[in-house]
Amino acid sequence: MRLLPFERLTLRSENLPDVVEAKLVTQVATAWFSLAPPPEPFRGSVQGRRFKVVRVLNPFFGLPRHNSWQPVILGDIAPFAGGTEVRVKMRLSLLVGAFMALWFGVLLTVAVIFLRVGFAEGFGPSGRAAGVGVGLAVVGGMMLTGYSLMSFFFWTEVRKARRILCEALGCREVEAVKRLVRR
């Protein structure tokens with residue numbers, strides 16, 4: 001089961017794979033870390049027909065920006081009848097995904113502890129554990145807030161990256177699969 005958001009999409013172009021690859025190379029800055037933002041819309045690496053990129057964010061008062069919820073875009077370019085197919089997967093960075101998994105794991109552990117205390121000593125104002133309900137509500141609110149922030153900012157960045165990628169490669173989107181659970 002997968003609880004962290006990701007998106008898979010398929011783009012198609014009438015151009016040959018070499019042409020699409022050449023277009024992609026011109027849109028990707030190879031330096032991952034630099035003080036000044038590059039003019040290209042993406043930064044990352046293109047190795048043959050595989051690529052791993054992130055969108056370059058506009059500077060804020062001349063300073064480089066970073067968005068933790070920004071998707072990492074992994075993809076490959078393959079020949080397709082009548083052109084090229086670009087298969088793309090957008091996911092959270094591994095560091096952010098690990099942090100969110102740890103965040104939800106700790107909150108889930110605290111919720112289980114509250115439930116055990118509540119069942120053992122009684123819920124509500126008449127029981128000895130009167131604050132258990134409030135504790136569960138706070139933990140639930142923290143989980144809901146964390147998931148809502150992660151989802152909102154991730155999907156906002158996905159929409160921007162999809163649009164820029166389609167325009168840069170001259171492709172059209174044929175299939176997008178948004179999943180929270182892997183089947």
Side-chain angles (χ1 to χ4, degrees), residues 1-101 104 146-183:
M1 186 159 132
R2 188 179 192 126
L3 295 177
L4 299 177
F6 75 97
E7 180 174 52
R8 287 189 183 161
L9 60 123
T10 302
L11 307 173
R12 290 206 181 124
S13 172
E14 295 174 358
N15 296 321
L16 294 173
D18 294 335
V19 174
V20 173
E21 182 182 344
K23 284 183 181 181
L24 181 64
V25 167
T26 64
Q27 300 297 312
V28 177
T30 56
W32 276 95
F33 302 104
S34 64
L35 293 178
E40 295 88 356
F42 297 100
R43 87 175 58 214
S45 63
V46 180
Q47 298 171 342
R49 293 198 175 160
R50 292 189 170 293
F51 59 92
K52 179 180 179 181
V53 297
V54 294
R55 192 171 69 83
V56 173
L57 300 174
N58 295 328
F60 181 71
F61 290 114
L63 300 171
R65 267 189 334 145
H66 180 73
N67 181 347
S68 296
W69 313 112
Q70 190 175 3
V72 175
I73 304 166
L74 306 164
D76 61 284
I77 301 168
F80 183 76
T84 302
E85 186 172 82
V86 182
R87 293 179 294 259
V88 177
K89 178 180 176 184
M90 296 186 193
R91 62 163 172 78
L92 288 172
S93 74
L94 294 177
L95 186 62
V96 172
F99 175 79
M100 292 308 294
F104 291 128
Y147 195 79
S148 297
L149 287 172
M150 174 184 63
S151 294
F152 175 77
F153 290 114
F154 177 79
W155 293 116
T156 300
E157 288 295 326
V158 163
R159 277 193 301 278
K160 292 175 187 176
R162 279 169 53 184
R163 182 182 48 79
I164 293 170
L165 191 62
C166 284
E167 288 174 6
L169 299 181
C171 296
R172 62 182 167 76
E173 191 173 318
V174 292
E175 179 184 359
V177 180
K178 294 179 185 174
R179 295 184 186 167
L180 294 178
V181 179
R182 177 176 262 167
R183 294 180 188 175

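Given the structure is predicted, the values throughout are model-derived calculations rather than measurements.
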Does R87 have any side-chain hydrogen bond (donor to acceptor under 3.5 Å, both in side chains) partners at least two apart in sequence or in another chain, and if so, which?
D76, E85

pair L24-F42: side-chain heavy atoms closer than 4.5 Å
no

How far apart are the closest heavy atoms of I73 and A161, and which atoms are they?
CD1-CB, 3.7 Å

Locate the shortest heavy-atom distance separating V28 from R43; write the atom from each residue and the value.
CG1-C, 4.1 Å

W155 and P5 have their tightest heavy-atom pair at CZ2-CB, 3.8 Å

Here the pair of heavy atoms bringing N15 nearest to K23 is ND2-NZ, 3.1 Å

Determine the minimum heavy-atom distance between S68 and V96, stating which atoms define it.
O-CG2, 3.3 Å

Check side chain to side chain contact (heavy atoms under 4.5 Å, CB included) between T30 and all other residues, then give those that pass, not counting sequence neighbours.
none

Does E21 have any side-chain hydrogen bond (donor to acceptor under 3.5 Å, both in side chains) partners at least two apart in sequence or in another chain, and if so, which?
none

Restricting to side chain to side chain contact (heavy atoms under 4.5 Å, CB included), what partner residues turn up for P17, sequence neighbours left out?
R49, I77, P79, T84

Can you name the salt bridge (Lys or Arg N to Asp or Glu O under 4.0 Å) partners of E14, sequence neighbours left out?
none

Report the C-alpha distance between L11 and C166 in whole Å, list the side-chain angles of each, state the deciding distance to 0.1 Å, and finish with yes or no for side-chain contact (heavy atoms from CB on, under 4.5 Å).
CA-CA 7 Å; L11 307 173; C166 284; 3.4 Å; yes

Please report the closest heavy-atom contact between F154 and M90, naming both atoms and the distance.
CZ-O, 3.8 Å

Y147 side chain reached by F104 side chain, heavy atoms, under 4.5 Å:
yes

Side chains of F6 and L92: closer than 4.5 Å at any heavy-atom pair?
no

With a 4.5 Å limit on heavy-atom distance, are the side chains of P38 and V56 in contact?
yes

In chain order, what residues pass the side chain to side chain contact (heavy atoms under 4.5 Å, CB included) check against E157, with sequence neighbours excluded?
R55, L57, N67, Q70, P71, K160

Non-neighbouring partners of K52 that pass side chain to side chain contact (heavy atoms under 4.5 Å, CB included), sequence neighbours left out
S45, V72, L74, R91

